[in-house]
Amino acid sequence: MYAYNLFRSTKLDGLVCAVPEERTVPPFVVEPNWQFGGRVQSQDAPLGFDRKAAMEGVRFNGFYLFASFQKDRQSQ
């Protein structure tokens, strides 16, 4: 199972980019639009994360985008 670095959109859209630790962060993930959200194992990932979709996203794109539904997001 992958360990992912999560990057959260700073907008209120709830968008998260999950990048496996051994992969390069995509060039669109830059401040101030994204912030590092921590490291997770796929089995401990936040609500909205789909392991099967993540595997396919990483296979084709090198990363996985999803909408997080967790309420503990910081609003800005």
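A quick note: this is a predicted structure, and the numbers were derived from the prediction, not measured.
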Checklist outcome for this item: Minimal heavy-atom distance between R8 and P46, with the atoms involved, is NH2-CG, 4.4 Å
Checklist entry - Which heavy-atom pair separates P32 from T10 by the least distance, and what is that distance? => result O-OG1, 2.8 Å
Checklist entry - Taking a hydrophobic cluster as the set of Ile, Leu, Val, Met, Phe, Trp and Tyr residues connected by side-chain heavy atoms closer than 4.5 Å, whether directly or through intermediates, do V58 and V40 fall within one such cluster? => result yes
Checklist entry - How many angstroms lie between atom CG of N61 and atom CZ of R23, to the nearest 0.5 angstrom? => result 9.5 Å
Item to check | Nearest heavy atoms of A18 and F66, plus distance in Å | outcome: CB-CE2, 4.1 Å
Checklist entry - Between atom OH of Y64 and atom CZ of F49, what is the distance when rounded to the nearest 0.5 Å? => result 6.0 Å
Next on the checklist: Using the side chain to side chain donor-acceptor pair (under 3.5 Å) criterion, which residues pair with E22? Sequence neighbours excluded.
Outcome noted: none
Checklist entry - Taking all non-hydrogen atoms of both residues, which atom of L65 and which atom of W34 are closest, and how far apart? => result CD2-CH2, 4.2 Å
Item to check | With E21 via salt bridge (charged side-chain N to carboxylate O under 4.0 Å, His left out) - residues at least two apart | outcome: R39
Next on the checklist: For a quick test of reading the model, state the closest non-hydrogen atom pair linking P26 to F63 and the distance between them.
Outcome noted: CG-CD2, 3.6 Å
Checklist entry - C17 and side-chain contact (heavy atoms from CB on, under 4.5 Å): which partner among V29, V25, L6, N5? => result V29
